[in-house]
**Q** 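The structure under discussion is supplied below as structure tokens; questions concerning it will follow.
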Amino acid sequence: MRLDLFLKMSRLIKRRSLAKEICDAGCVQINGRIAKAGAEVKPEDVLTVDIRDRLLRARILRLPQRVEGPEGIVEMLSEESGL
């Protein structure tokens, strides 16, 4: 599954266009490597999303079949907010 589509379907990011922009800006990593919007994700990958003053780290548990909340799809490893 494409990274931007995964971010939208798991509700980590609300819109696919925004997910694509964030990915293409180099703010998303898969297993420690910067990833573009078209990168493939799979279960057990660790995502790091750095958006302005938020840093999310999550492990993918499964790929969603439809848009649903992140519960059961990702395991949040850490979430930091800079004030």
Side-chain angles (χ1 to χ4, degrees):
M1 175 178 283
R2 288 176 53 102
L3 176 57
D4 59 343
L5 184 59
F6 175 81
L7 291 171
K8 177 198 180 273
M9 291 181 75
S10 66
R11 292 295 200 131
L12 291 175
I13 297 178
K14 299 290 183 192
R15 295 184 320 268
R16 188 171 179 184
S17 59
L18 180 59
K20 182 177 180 341
E21 286 178 28
I22 291 169
C23 293
D24 291 343
C27 298
V28 181
Q29 297 178 5
I30 300 174
N31 299 325
R33 293 188 175 167
I34 294 175
K36 296 293 182 187
E40 291 293 315
V41 295
K42 59 189 181 311
E44 297 304 317
D45 282 346
V46 175
L47 298 180
T48 305
V49 182
D50 186 3
I51 309 170
R52 293 188 195 154
D53 59 349
R54 279 180 68 197
L55 180 67
L56 300 171
R57 290 192 66 231
R59 176 177 290 116
I60 298 173
L61 301 175
R62 68 178 176 85
L63 299 177
Q65 300 301 313
R66 57 182 171 77
V67 176
E68 50 188 291
E71 299 81 25
I73 295 175
V74 296
E75 172 190 358
M76 297 307 288
L77 301 176
S78 68
E79 183 171 351
E80 300 172 16
S81 252
L83 298 175

**Q** Does CZ in Arg11 sit with more than 12 non-hydrogen atoms of other residues, nucleotides or ligands closer than 6.0 Å?
**A** no
**Q** Could you give the side-chain donor-acceptor pairs of residues 58-74 under 3.5 Å, partners two or more places apart or in another chain?
**A**
residue : atom : partner : partner atom : Å
Arg59   : NH1  : Glu75   : OE1          : 3.3
Arg62   : NE   : Gly72   : O            : 3.4
Arg62   : NH2  : Glu68   : OE1          : 2.8

**Q** Connecting only ILVMFWY residues whose side-chain heavy atoms lie within less than 4.5 Å of each other, what is the rest of Leu55's hydrophobic cluster?
**A** none
**Q** Identify every side-chain donor-acceptor pair in residues 37-47 under 3.5 Å, counting partners at least two apart or on other chains, and give the distances.
**A**
residue : atom : partner : partner atom : Å
Glu40   : OE1  : Met1    : N            : 2.8
Lys42   : NZ   : Asp45   : OD1          : 3.1
Asp45   : OD1  : Asn31   : ND2          : 3.0
Asp45   : OD2  : Lys42   : N            : 3.0

**Q** For the CG atom of Leu7 and the CD1 atom of Ile22, what is their distance to the nearest 0.5 Å?
**A** 8.0 Å
**Q** With rounding to the nearest 0.5 angstrom, report the SG to CD1 distance, Cys23 to Ile34.
**A** 11.5 Å
**Q** Taking only residues at least two apart or on different chains, which pairs with a member in residues 16-27 satisfy side chain to side chain donor-acceptor pair (under 3.5 Å)?
**A** Asp4-Arg16, Lys20-Asp24
**Q** Look up atom CG in Leu12 and atom NZ in Lys14, then write down how far apart they are to the nearest 0.5 Å.
**A** 9.5 Å
**Q** List the residues meeting side-chain hydrogen bond (donor to acceptor under 3.5 Å, both in side chains) with Asp50, not counting sequence neighbours, and say none if there are none.
**A** none
**Q** So if you build clusters from Ile, Leu, Val, Met, Phe, Trp, Tyr with side-chain heavy-atom gaps below 4.5 Å, do Val28 and Leu77 land together?
**A** no
**Q** If you look at every heavy atom in Ala35 and Leu3, which pair is closest and at what distance?
**A** CB-CD2, 3.8 Å
